[in-house]
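What follows is a single structure, written as structure tokens, with notes after it.
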Amino acid sequence: MAAPMSWRRLVYSVYPPAIAGVFTRISDRIFRARDRRGGSSVLLLAPLLAEADPAPRRVSRPAGSAGAQGTEGLCGHFRWMAEHVPAFRVPGTHIHILTSPDQFYQTMKARIKTAKRRVVMASLYLGTGQLEQELVDCMEDALQRSQDNSDSPDLKVSVLLDYTRGSRGQINSRTMLLPLLQRFTSQMRVSLYHTPDLRGLLRLLVPQRFNETIGVQHIKVYLFDDSIIISGANLSDSYFTNRQDRYVLLENCGEVADFFADLVEAVGDVSLQLQPDDSVTMLEGMVHPYKGNRQDFSTAARKRIMEVVNTAQMRQQLTNRPEDSEDEGLSDGGLSDGGEDTWVFPLVQMKPLGIQVDEQVTQRLLKDAGPNSTVFLTSGYFNLTRAYMRLVLGAGAGYHILTASPEVNGFFGAKGVAGAIPAAYVHIARQFYNQVCSLGQQERIHLHEYHRPEWTFHAKGLWYYLQGKDRPCLTLIGSPNFGYRSVHRDLEAQIAIVTENKALQSQLQEEQERLYQRSTEVSSSTFEQPDRHVKLWVKLVTPLIKNFF
């Protein structure tokens, strides 16, 4: 699938190829060395006609696929994932579901303070308030303690953020981290990923407030030595106080932590490197994301990132295949070895770089969800891709889909065009609900809205209940929202957790129920309420919002 439509492709769609080619070459020469942030928002309309999602790739359904039922263990249902991604076996007792923003925040602070070897943090941005400053202070204390302790190796801190979001305004993520970078230069790394799709005229004219809509670094990974938090939450005060998200702590899971440390390092290597004087540079030999050739950058970045995925997958396949067994994939007996009753599958989605592992696995899960199984799916911004929507509407499983009500949408009350986003999502939800009704699927597919006064809703993920089971055996948790941006524009990562551990299954069930307890089910009367009225102009711009927000 090609990258989302850029200004260059718009030019090609309007002018003959010869004229368009001359224009783009001149533009690249003029703007390659320029780095300006002001401009008009008119360019946001350029990619309005972004490509439709392709029909899901046909995948044969072997015996033991995710939808198959019977007496075989979870290996038979989900071993196919190991064909796509690494498969890490861990004890289910080492995985803990965090339940609140404050628990997420306090856990991070505590883990930073006790880290001995490494702190790795990947997020869209770092906020600039007091709570964020306390997080930075924890890093400073840990780095200073490492320097004072000559008997232990230096603590290394690596932070990966998005360039556009992290550079917005006079006080921003960069200015928050500069004092650490200046004081602990040899121990500190700050990488700022810049999408290759924001370049040339588009980069010149799209204003700073909207340039992140073209594509961002959206991975949310927080790693402390051999423990790691996978989440959808950013490093900002609302995510620490009253913005509901999901968070899972994997404690003493060294192989999983190593994988994500390597992944963040790989993305960091193809990103701009923040310098102590607040300038940015590229590592030697790396292609520049917006000054260099678009295809060359994507090829180099994909190679560097997929090295991490492929190396880990090869290592895990060898580790999980007994020498005397000819079975492909994971061995059934491996789940119980040493209490390792749980698998962790890392899923990466970076479509601008040609990486679509998460999309392939998610499509397969939705496709294989069989009759009498149940899927609970949640997203802060309900905007399923066309491929995902077709799979949900055509599946046999029961679906309960949870999304934000307008008042808990993160854009509720925003100024300008952004203020219309909650209404646009109401329009999207109504279109989906109408499709469900027209197909007579109301008994199988249920739409829910989350409500909580003074809170916003940002939780995303999936819980999978096999036929006849009252607890989920699988969850997806991480940064993707299952929408167009997550699949086509941004850099995303999540994990699939497959577990036979009853206590962990209970944690997942309680998490799912806790979120849905604050919801109401959508019906036709929901959209007749006065606060669900959507203005005509909002309906007209909804295709734009679906592709960019």
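Computed from heavy atoms alone, side chains included, the values below leave out hydrogens, waters and symmetry copies.
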Ring pair (Phe, Tyr, Trp, His ring centres under 6.0 Å) filter on His448, not counting sequence neighbours, yields His400, Tyr516
With sequence neighbours left out, the residues meeting side-chain hydrogen bond (donor to acceptor under 3.5 Å, both in side chains) with Gln431 are His427
Contacts satisfying salt bridge (charged side-chain N to carboxylate O under 4.0 Å, His left out) that involve residues 451-464 (not counting sequence neighbours) are none
Do Glu134 and Tyr105 meet the criterion of a side-chain donor-acceptor pair at a distance under 3.5 Å?
yes
Sorted by chain and number, sequence neighbours left out, side-chain hydrogen bond (donor to acceptor under 3.5 Å, both in side chains) with Ser486 holds for Glu492
Across all chains, not counting sequence neighbours, the salt bridge (charged side-chain N to carboxylate O under 4.0 Å, His left out) partners of Glu251 are Arg111
Which word best sums up how the rings of His194 and Tyr290 line up, parallel for under 30°, tilted for 30 to 60°, or perpendicular for over 60°? tilted
Rounded to the nearest 0.5 angstrom, the CG-CZ distance for Leu476 and Phe482 is 5.5 Å
Contacts of Ser405 meeting side-chain contact (heavy atoms from CB on, under 4.5 Å) (sequence neighbours excluded), chain-then-number -> Glu407, Val408, Glu449, His451, Arg532
Rounded to the nearest 0.5 angstrom, the CE-CD1 distance for Met121 and Ile112 is 4.0 Å
Exercise for the section: Measure from the ring center of Tyr464 to the ring center of Phe78 and say whether it is less than 6.0 Å. Expected result: yes
Ring pair (Phe, Tyr, Trp, His ring centres under 6.0 Å) filter on Tyr247, not counting sequence neighbours, yields Phe104
side-chain contact (heavy atoms from CB on, under 4.5 Å) between His218 and Asp162, intermediate numbers included = CA-CA 7 Å; His218 201 243; Asp162 181 69; over 6 Å; no
**Item:** Pair Ser123-Asn234, side-chain donor/acceptor within less than 3.5 Å
**Value:** yes
Residue set satisfying side-chain hydrogen bond (donor to acceptor under 3.5 Å, both in side chains) with Asn242, at least two apart, ordered chain then number -> none
Residues passing the side-chain hydrogen bond (donor to acceptor under 3.5 Å, both in side chains) test with Arg243, sequence neighbours excluded, are Tyr239, Tyr381, Thr456
Salt bridge (charged side-chain N to carboxylate O under 4.0 Å, His left out) pairs touching residues 254-273, sequence neighbours excluded, are Arg118-Asp258, Arg189-Asp269, Asp269-Arg304
Applying ring pair (Phe, Tyr, Trp, His ring centres under 6.0 Å) to Phe457 and not counting sequence neighbours gives Tyr450
Sorted by chain and residue number, the ring pair (Phe, Tyr, Trp, His ring centres under 6.0 Å) partners of Phe527 (sequence neighbours excluded) come out as Tyr433
Separation between CG (Leu462) and CG (Leu366), nearest 0.5 Å, reads 7.0 Å
(message) Within the 4.5 Å heavy-atom criterion, are Asn383 and Asn481 side-chain neighbours or not?
(response) no
Whether the Asn501 and Thr499 side chains hold a donor-acceptor pair (N or O, under 3.5 Å, no angle test) is what I'd like checked.
no
message: With a 4.5 Å cut-off on side-chain heavy atoms, are Phe345 and Val361 touching?
response: no
